[in-house]
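Notes follow once the structure below has been shown.
Letters go in sequence order (proteins before strands), and every chain restarts at 1. Just so we're clear, the structure is a prediction, and the values are computed from it rather than from any experiment.
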Amino acid sequence: MSTHILSELRALEAESIHIFREVAAEMQRPCLLFSGGKDSIVMLHVARKAFAPARIPFPVMHVDTGLNFPEILAYRDRWIEKLGLKLVVASVPDAIERGFVKEEPNGSRNRIQTPVLLETAEQHRFDALFGGARRDEEKARAKERVFSFRDEFGQWDPKNQRPEIWSLYNGKVHLGQSIRVFPLSNWTELDVWTYIATEGIEIPELYLAKERDVVERDGMLYAVNVFTPRRDGEAARRVLCRYRTVGDANLTAAVLSDADTVAKIVDEIAAVRITERGATRGDDRTSETSMEDRKKEGYF
Amino acid sequence: MPMDLLRLATAGSVDDGKSTLIGRLLYDSKSLFTDQLDAVERVSRDRGNDYTDLALLTDGLRAEREQGITIDVAYRYFATPRRKFIIADTPGHIQYTRNMVTGASTADVALILLDARKGITEQSRRHAFLATLLGVPHVVVCVNKMDLVDFDEGTFDAIRDEFSEFATRLRVRDMTFIPVSALQGDNVVTRSERMPWFDGSPLLSHLERLHVASDRNLVDVRFPVQYVVRPQSYDVLDYRGYAGTVASGVLKPGDRVVALPSGLESTIASIDTADGPVDEAYPPMAVTITLTDEIDISRGDMLCRPANMPNVSQDIDAQVCWMDESATLMTGRKYAIKHTTRWARAMVRELSYRIDVNTLHRDETADSLALNEIGRVMLRVTQPLFVDPYQQNRQTGSFILVDEASNKTVAAGMIGRTHGGG
Ligand SMILES: Nc1nc2c(ncn2[C@@H]2O[C@H](COP(=O)(O)OP(=O)(O)O)[C@@H](O)[C@H]2O)c(=O)[nH]1
């Protein structure tokens, strides 16, 4: 006899599917933001489930900073083709060339990718953008809604968000306004990995431990590659490591790990005691509130 | 048995120790990360505290930090080997009712905190009232700061007895009292040796063992159609499936169903998921149903059993909680209404009374509802809705009102008695 209780992963999956369908039914032009990170991979996987056996009824956008790990681009293209989707690329290098945005002195394209994202969304008149953000990631996100309202400038005002009661989402917007939608809001990092393991989802091999040449900067390990070449006086060493998050190749650090399978990653995450952003993102360490500031400008 | 999900809403007046308690749960269940802890220790030191202020862990956005208050619902996550918990942390202050209604709307458990020295206050009564109004099946009252009353049994008993008596008027389904010290950890995760007289479980084990399966309505089949799946691809050209989330009841292939509002009947051919067909669907599963007959069904329609239908009505009698600060609810006003997957327009025909959430007194002379006020209204809706009383069905008994000019969600509604037959 069935107990009629859904496991927590299936309950989370069902909630996410519900959100995808709600947006597809009510919004005019939704689009899914795909970064190649594990959260957007899971998001794409759940989106496929929401509409099966039909195709995902919206396109996918990738904000290409020009600083992508090649593995991620290959993964992206493979999946877009497999699922028969349309890909919209918002190119930061193009925007720099056009003079639409200016490269920041520190080489980080985190801030300048926001206007490029907003410009592309506006050109395509997307009124709903799915993002893979989770509430457990960061303090500024703990209060984020599933449907996050953005004004005509794509900006987020924490004081002007709609109450979300039951699962009765309100996606009504005026022309030019939009919503960001976070189907994985209630997932934790461990949920994401457990789900990847349970579902057997293919992931880019950057996430798996492997011997890589790294240099150490400010206590973080950066793999030596075209994006983070060895600087003068730096000694590279070969270590067993993997990536816990995959952002821009010039900013994402690796962590020491021997987790060379998804099952081992699940064990590692279950035991690990440092948040993923704190561990691997040079960009988020600047200040305790940097994420909040970036969100206000229109970032996720 | 697989790990399941428990949704928790917390309530407490300012300074009763809610942030400390949540911090303690996260800390003692080892759900905290070292960098989060480092940040909190740093801030505690900067502020000149000589202890690590666990309350800082659940502190929110900068604007709120600067004002020294928290004003919105924040979500926290922690897990034990038995369960994953989602805490909707709903802080105090003026916006309190709105926040607690939001947090409690999906909660399996409401956790009400009070200060052992102060005992029961108007606010704790309000918290209990809101938890019952929102149909939260379990209430846990944590009598906090027991260390400041010398862990005295008599103090705890007096609070418990008084609160229980009040709660019988509210018809709380399940209410448990636990004496705790959030600051020192007594009876939060580990049993307190300083309160040997208490024979109940510590908070965390109570939450881990709480039986929530029977809270779900598995009797009344309600399947609001959310999205019609019509693949354009060649291999599945004839496929027509009705996607949605089961609101209540158990559906099986072969079941006879009726579609509302058309009243046309058919039989479930299959219940599909991306992982293949399933033998049954129950809440909150998200599935796609195919029928043996081609009948016209679209988003906003509902599938149910011919012998057990919801009330189909354009006249709705409901309690509403007003959530907007810039306008008030008034008789004669029109709003957009969202009920399950259906949008319509609704006019407020009558405001029967406003409830004083502290005293439960009904003010029948009231002619408007302002932010955080709750009242009973009669609505006339432009199309029939398929409704059940909220206390029987949280999915088909709830709705939101949306301001048609600003698009803001302005009210949460809980349907009361339903009229006529279904
Ligand atoms: N003695 C004692 N103090 C406590 C306890 N719980 C919280 N406090 C203190 O009460 C104050 C308010 O706590 P806080 O968690 O910020 O309250 P909140 O406003 O409900 O979130 C803080 O100074 C806490 O250290 C307790 O169990 N015992």
Please determine, among [options], the option with the most heavy-atom pairs under 4.5 Å with chain A.
options	answer
B:Met323, B:Gln226, B:His339	B:Gln226
B:Ala107, B:Pro283, B:Pro284, B:Ala213	B:Pro284
B:Ala104, B:Ala88, B:Ala412, B:Ala336	B:Ala412
B:Thr245, B:Val212, B:Thr106, B:Val410	B:Thr245

Heavy-atom cut-off 4.5 Å, strictly under: side chain, backbone, both or neither for A:Ser16 against chain B? neither
Of the backbone (N, CA, C, O) and the side chain (C-beta and beyond), which part of A:Gln161 lies under 4.5 Å from a heavy atom of chain B, both, or neither? neither
Side chain / backbone / both / neither for [X] at chain A, heavy atoms under 4.5 Å:
X	result
B:Thr273	neither
B:Leu134	side chain
B:Ile400	both

Are the side chains of [X] and [Y] in touch, meaning some heavy atoms are under 4.5 Å apart?
X	Y	answer
B:Ser398	A:Leu168	yes
B:Lys338	A:Trp166	no
A:Glu22	B:Arg299	yes
B:Thr341	A:Arg21	no
A:Leu6	B:Tyr282	yes

Can you measure from [atom1] ([X]) to [atom2] ([Y]) and round to the nearest 0.5 angstrom?
X	Y	atom1	atom2	value
B:Arg76	A:Thr188	CZ	OG1	15.0 Å
B:Met285	A:Ile17	CE	CD1	9.5 Å
A:Ser7	B:Lys84	OG	NZ	11.5 Å
B:Tyr77	A:Glu137	OH	CD	11.0 Å
B:Arg82	A:Glu8	CZ	CD	15.5 Å

With A:Arg135 as the cation and B:Tyr75 as the aromatic partner, state whether NZ or CZ is under 6.0 Å from the six-membered ring centre and within 45° of the axis. yes
Are there over 12 heavy-atom neighbours, none belonging to A:Arg29, within less than 6.0 Å of that residue's CZ? yes
Heavy atoms from other residues, nucleotides or ligands near CD of A:Glu202 exceed 12 (cutoff 6.0 Å): yes
Of the non-hydrogen atoms in [X] and [Y], which two are nearest, and what is the gap between them?
X	Y	value
A:Arg162	B:Ser406	NH2-O, 4.2 Å
A:Asn186	B:Arg7	ND2-NH1, 3.7 Å
B:Glu280	A:His4	OE2-NE2, 3.2 Å
B:Thr288	A:Ala52	OG1-O, 4.5 Å
A:Asn170	B:Lys408	ND2-C, 3.9 Å
A:Leu12	B:Leu5	CD2-CD2, 4.3 Å

Please find out if less than 6.0 Å separates the ring center of B:Tyr227 from that of A:Phe51. yes
Can you confirm whether the side chains of B:Thr102 and A:Arg145 place a donor and an acceptor under 3.5 Å from each other? no
Looking at chain B, which one of A:Glu26, A:Arg55, A:Glu199 has the largest number of heavy-atom pairs inside 4.5 Å, strictly under? A:Glu26
Selection from A:Gln177, A:Glu164, A:Arg48 maximising heavy-atom pairs under 4.5 Å formed with chain B: A:Glu164
Is there a donor-acceptor pair under 3.5 Å between the side chain of A:Lys49 and the backbone N or O of B:Asp275? no
Could you check whether any side-chain N or O of A:His174 sits under 3.5 Å from a backbone N or O of B:Ala405, counting only pairs where one atom can act as donor and the other as acceptor? yes
For the pair B:Trp343 and A:Lys172, evaluate side chain to side chain contact (heavy atoms under 4.5 Å, CB included) and give the outcome as yes or no after the intermediate values. CA-CA 11 Å; B:Trp343 281 100; A:Lys172 286 191 186 283; 3.5 Å; yes
